[in-house]
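Report on the following structure.
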Amino acid sequence: TRAADAKKLIIRKNEVPSGDAKNIIYQGEPAVLINRPEKGFIALSRTCTHLGCLVAFNKSRQELICPCHAGTYDLEGSVVSGPPPKPLTVIPLRIEGDTIIIG
Ligand code: FES
């Protein structure tokens with residue numbers, strides 16, 4: 001439907017090279033689109049599940065790190081270490097040709 005389409009975000013694949021990430025705003029909330037080597041694209045909420053600080057993609061570590069209490073997540077959004085009680089929220093996406101449609 002048109003209402004559903006309005007909530008989607010379209011990003012060109014070549015905006016996010018393999019091993020890199022791009023911060024996005026999805027439905028008013030900070031999120032990150034990551035191009036995982038071998039595994040492809042994933043979109044995750046940046047809101048830490050501990051106390052809500054914004055996690056940041058760390059390219060050299062290939063992890064997401066929370067600046068507040070050093071919570072660490074892998075590129076699936078799963079908790080690696082620190083206080084976060086649960087994974088980051090995964091935002092659905094699909095690939096169509098050269099574009100990534102998020103939402
Ligand atoms: Fe992210 Fe505490 S708010 S680790």
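Just so it is clear, the model here is predicted, and its values are computed rather than measured. In this chain, numbering begins with 1 at the start of the sequence shown.
Using a distance-only test at 3.5 Å, with no hydrogens or angles considered, a donor-acceptor pair links the side chain of Gln62 to the main chain of Gly19. Without hydrogens or angle criteria, Lys22 side chain to Asn35 main chain gives no donor-acceptor distance under 3.5 Å. Judged purely by atom type and a 3.5 angstrom limit, Thr99 has no side-chain atom pairing as donor or acceptor with the backbone of Gly97. Side chain of Thr49 to backbone of Lys86: a donor-acceptor contact under 3.5 angstrom is found. Checking side-chain atoms of Lys59 against main-chain N and O of Asp20 turns up no donor-acceptor pair under 3.5 Å.
Once rounded to the nearest 0.5 Å, the distance linking SG of Cys48 with CG of Leu88 reads 7.0 Å. Summarising the geometry, atom CG belonging to Asn58 is positioned 4.0 Å from atom CD1 belonging to Ile65; distances are rounded to the nearest 0.5 Å. Here NZ of Lys8 is found 7.5 Å from CD1 of Ile101. Values are rounded to the nearest 0.5 Å. Atoms CG and CZ, from Asn23 and Arg46 in turn, are 4.0 Å apart once rounded to the nearest 0.5 Å.
Residues Ile10 and Val16 are members of separate hydrophobic clusters, defined by side-chain heavy-atom contacts under 4.5 angstrom among Ile, Leu, Val, Met, Phe, Trp and Tyr. Cluster membership check: Leu54 does not share its hydrophobic cluster with Val32, using side-chain heavy-atom separations under 4.5 Å among Ile, Leu, Val, Met, Phe, Trp and Tyr.
Taking every heavy atom of both residues into account, Arg36 and Phe41 meet most closely at NH2-O, 3.6 Å. Annotation for Ser81 and Pro84: closest pair O-CD, 4.0 Å, computed over non-hydrogen atoms.
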**Message:** Between Val80 and Glu63, does the side chain to side chain contact (heavy atoms under 4.5 Å, CB included) criterion hold? Intermediate values first, please.
**Reply:** CA-CA 9 Å; Val80 175; Glu63 288 179 331; 4.0 Å; yes
**Request:** Starting from the C-alpha separation in whole Å, work towards a yes-or-no answer on side chain to side chain contact (heavy atoms under 4.5 Å, CB included) for Leu64 and Ile34.
**Result:** CA-CA 10 Å; Leu64 295 145; Ile34 306 166; 3.9 Å; yes
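In this structure, Thr47 and Thr89 have side chains that are not in contact, with every pair of non-hydrogen atoms separated by 4.5 Å or more.
The side chain to side chain contact (heavy atoms under 4.5 Å, CB included) test applied to Ile102 returns Leu9, Ile11, Ile24, Tyr26, Leu33, Ala43, Ile91, Leu93, Ile100, not counting sequence neighbours.
Among residues at least two apart or in separate chains, disulfide bond (SG atoms under 2.5 Å apart) pairs with a member in residues 55-88 are Cys53-Cys68.
Applying the 4.5 Å side-chain rule to ILVMFWY residues, one finds that Ile25 remains a lone member of its cluster.
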